[in-house]
Amino acid sequence: MDRTSPLGAFLKARRARLSPDDVGLPRYGDRRRVPGLRREEVALLAGVSAGYYTRLEQGRQANASPEVLDALARALHLSPAERDHLYDLSSTTGHRPAVSGDDERVSADLRTLLTTMAAHVPALVVGRRNDVLAWNRTGHALLAPHLDFSAPDDPGGRPNLSRLVFLDAPTRALHRDWPAKARAVVGNLRILTARNPGDTHLAALIAELAARSAEFRSMWDAHTVAPCGRDVHTLAHPAVGEVTVTQQTFDVPKEPHQSLVTFTAEPGSPSTAALEALKTRGRTVDVPVACAPTP
């Protein structure tokens, strides 16, 4: 886990993945004790002093202007998502305040939408810590048939998607490419923690995952940033076999900490037929509970 500030740890991880060749700097035939760029080289590329950059990375300099952050993003070849993450980590850009209270609620209109979508699209609503706040029958049948359908109704026992991916055996078996899914989960958690540094419950979730999963610790230390948006997953579903779905995530209007997640398949594909079978199953019966939700 991080030993420096979150900003410093991110900068260090990003310079470690670059070589002088990547940024057009000469090597001068030197032997490097560690992979990646030196601090002095990043400072040179960003147009700041080596001492200033060193203080930023060591957590002794908390403030950085937008101009400096932009220069560092260019020097480190950051992606747009990584640049946004850099801004979130900087104390001068203004963190989004953590939302107080633990009982996140889904509006009646959104619940109606979920129920209506069940005839066509598996879907769920997730909260600010990746807790499942609600799902429709087909969303539940697609992702977690081994859990109680009513589990999201209990604020103290809601399924958490991040916890399920790393600590729940049926969820792990569901994903054909589990490492890719796990990396995406960690990348999203990095964004959530940067935007909500005062959220003690989110910090406790990170600590729990790090304590219980060596794979999570390794991925977390890589400082990968992966915003939710659109992704394609192949699932090995226990009831309908292999299903390839496109997952899309949408912000819920007037609920900035909630997201609507939907799953669709290519029209006319075997995955569409599998989803149709799953939708019928989800409409007609409750999927039996095979094991209790992960604590």
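These figures come from a predicted structure and were not determined experimentally. Hydrogens, waters and symmetry mates play no part in the numbers below; they use all other heavy atoms, side chains included.
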Might you point out which heavy atoms bring [X] and [Y] nearest each other, and give the distance in Å?
{"X": "Ala73", "Y": "Leu86", "value": "N-CD2, 4.2 Å"}
{"X": "Pro197", "Y": "Ala194", "value": "CD-O, 3.6 Å"}
{"X": "Ala134", "Y": "Leu114", "value": "CB-CD1, 3.6 Å"}
{"X": "Ala236", "Y": "Ala173", "value": "CB-O, 4.0 Å"}
{"X": "Ala119", "Y": "Lys279", "value": "O-CD, 3.8 Å"}
{"X": "Ala75", "Y": "Val23", "value": "O-CG1, 3.9 Å"}

Are the side chains of [Y] and [X] in contact, using a 4.5 Å heavy-atom criterion?
{"X": "Leu189", "Y": "Leu209", "value": "yes"}
{"X": "Glu242", "Y": "Pro270", "value": "no"}
{"X": "Thr54", "Y": "Arg60", "value": "yes"}
{"X": "Gln247", "Y": "Lys181", "value": "yes"}

Spacing of [atom1] belonging to [X] relative to [atom2] belonging to [Y], to within rounding of 0.5 Å:
{"X": "Leu72", "Y": "Glu67", "atom1": "CG", "atom2": "CD", "value": "11.5 Å"}
{"X": "Ser5", "Y": "Glu57", "atom1": "OG", "atom2": "CD", "value": "9.0 Å"}
{"X": "Leu133", "Y": "His257", "atom1": "CG", "atom2": "NE2", "value": "12.0 Å"}
{"X": "Ser213", "Y": "Glu208", "atom1": "OG", "atom2": "CD", "value": "10.5 Å"}
{"X": "Leu260", "Y": "Leu110", "atom1": "CG", "atom2": "CG", "value": "6.5 Å"}
{"X": "Ser162", "Y": "Phe216", "atom1": "OG", "atom2": "CZ", "value": "7.5 Å"}

> Please walk me through it: do Leu275 and Leu142 pass side-chain contact (heavy atoms from CB on, under 4.5 Å)?
Replying inline: CA-CA 8 Å; Leu275 283 183; Leu142 176 67; 4.1 Å; yes
> Do Phe263 and Leu124 pass the side-chain contact (heavy atoms from CB on, under 4.5 Å) test, and can you show the C-alpha distance, the side-chain angles, and the key distance before you say yes or no?
Replying inline: CA-CA 9 Å; Phe263 301 87; Leu124 63 154; 3.3 Å; yes
Quick check: does any side chain N or O of [X] sit under 3.5 Å from a backbone N or O of [Y], one acting as donor and the other as acceptor?
{"X": "Glu104", "Y": "Arg128", "answer": "yes"}
{"X": "Asp22", "Y": "Ser19", "answer": "yes"}
{"X": "Asn196", "Y": "Leu192", "answer": "yes"}
{"X": "Glu82", "Y": "Ser79", "answer": "yes"}
{"X": "Thr272", "Y": "Glu266", "answer": "yes"}
{"X": "Gln258", "Y": "Arg105", "answer": "yes"}
{"X": "Asp177", "Y": "Leu235", "answer": "no"}
{"X": "Arg14", "Y": "His223", "answer": "yes"}
{"X": "Asp199", "Y": "His201", "answer": "yes"}
{"X": "Thr193", "Y": "Arg190", "answer": "yes"}

> Can you list the steps and then say if Asp153 with Arg158 is a salt bridge (Lys or Arg N to Asp or Glu O under 4.0 Å)?
Replying inline: CA-CA 7 Å; Asp153 296 334; Arg158 285 170 172 158; over 6 Å; no
> Can a salt bridge be assigned to the pair Arg15 and Glu41 using a cut-off of 4.0 Å between side-chain N and carboxylate O?
Replying inline: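 So Arg15 does not pair with Glu41 through a salt bridge.
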> Does the distance from a Lys or Arg side-chain N to an Asp or Glu carboxylate O, for Glu215 and Arg172, drop under 4.0 Å?
Replying inline: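 The answer is yes: the pair qualifies as a salt bridge.
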Would you kindly confirm whether [X] and [Y] end up in one hydrophobic cluster when ILVMFWY residues are joined by side chain heavy atoms under 4.5 Å apart?
{"X": "Val125", "Y": "Val165", "value": "no"}
{"X": "Val132", "Y": "Val121", "value": "no"}
{"X": "Leu278", "Y": "Met117", "value": "no"}
{"X": "Val261", "Y": "Leu113", "value": "no"}
{"X": "Leu37", "Y": "Leu44", "value": "yes"}

>> Can you tell me how the ring of Trp135 sits relative to the ring of Phe149, calling it parallel under 30°, perpendicular over 60° and tilted otherwise?
In response: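 Taking Phe149 first and then Trp135, their aromatic rings lie parallel (interplane angle under 30°).
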> Excluding sequence neighbours, so at least two apart, what forms side chain to side chain contact (heavy atoms under 4.5 Å, CB included) with Glu40?
Replying inline: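 Result, side chain to side chain contact (heavy atoms under 4.5 Å, CB included) vs Glu40: Arg38, Ala50.
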>> Let's go through Leu11 and Tyr53 carefully: what are the C-alpha distance in whole Å and the side-chain angles of both, what is the deciding distance for side-chain contact (heavy atoms from CB on, under 4.5 Å) to 0.1 Å, and is it a yes or a no?
In response: CA-CA 10 Å; Leu11 290 171; Tyr53 177 78; 3.6 Å; yes
>> Checking Asn160 against Asp131: is there a side-chain donor and acceptor pair closer than 3.5 Å?
In response: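 There is such a pair (donor and acceptor under 3.5 Å, judged by atom type) between the side chains of Asp131 and Asn160.
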>> Within the 3.5 Å criterion, strictly below it, is a donor on Thr234 or Thr244 matched to an acceptor on the partner's side chain?
In response: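 Thr244 and Thr234 do have a side-chain donor-acceptor pair below 3.5 Å.
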>> Test side-chain hydrogen bond (donor to acceptor under 3.5 Å, both in side chains) on Asp109 and Ser107; report intermediate values, then the result.
In response: CA-CA 5 Å; Asp109 289 342; Ser107 69; 5.4 Å; no
> In a check of side-chain contact (heavy atoms from CB on, under 4.5 Å) between Val126 and each of Leu161, Val252, Thr249, which one passes?
Replying inline: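 Of Leu161, Val252, Thr249, side-chain contact (heavy atoms from CB on, under 4.5 Å) with Val126 is met by Leu161 alone.
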>> Among Val240, Thr246, Val243, which residue satisfies the side-chain contact (heavy atoms from CB on, under 4.5 Å) criterion with Ser271?
In response: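 Option passing the side-chain contact (heavy atoms from CB on, under 4.5 Å) with Ser271: Val243.
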>> Run Thr224 and Arg183 through side-chain contact (heavy atoms from CB on, under 4.5 Å) and show every step you take.
In response: CA-CA 8 Å; Thr224 300; Arg183 287 191 296 269; 5.7 Å; no
> Is there a side-chain hydrogen bond (donor to acceptor under 3.5 Å, both in side chains) between Asp168 and His146 once you walk through the steps?
Replying inline: CA-CA 10 Å; Asp168 181 72; His146 60 294; 2.8 Å; yes
>> Taking the six-membered ring for Trp, are Phe166 and Trp220 closer than 6.0 Å centroid to centroid?
In response: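 No, they do not, as the ring centres are separated by 6.0 Å or more.
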>> Taking atom CZ as the centre, does Arg17 end up with more than 12 heavy-atom neighbours from other residues, nucleotides or ligands that are less than 6.0 angstrom away?
In response: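 Buried by this count: over 12 neighbours within 6.0 Å.
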> Under the side chain to side chain donor-acceptor pair (under 3.5 Å) test, which residues partner Thr116, sequence neighbours left out?
Replying inline: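 Expected list: none.
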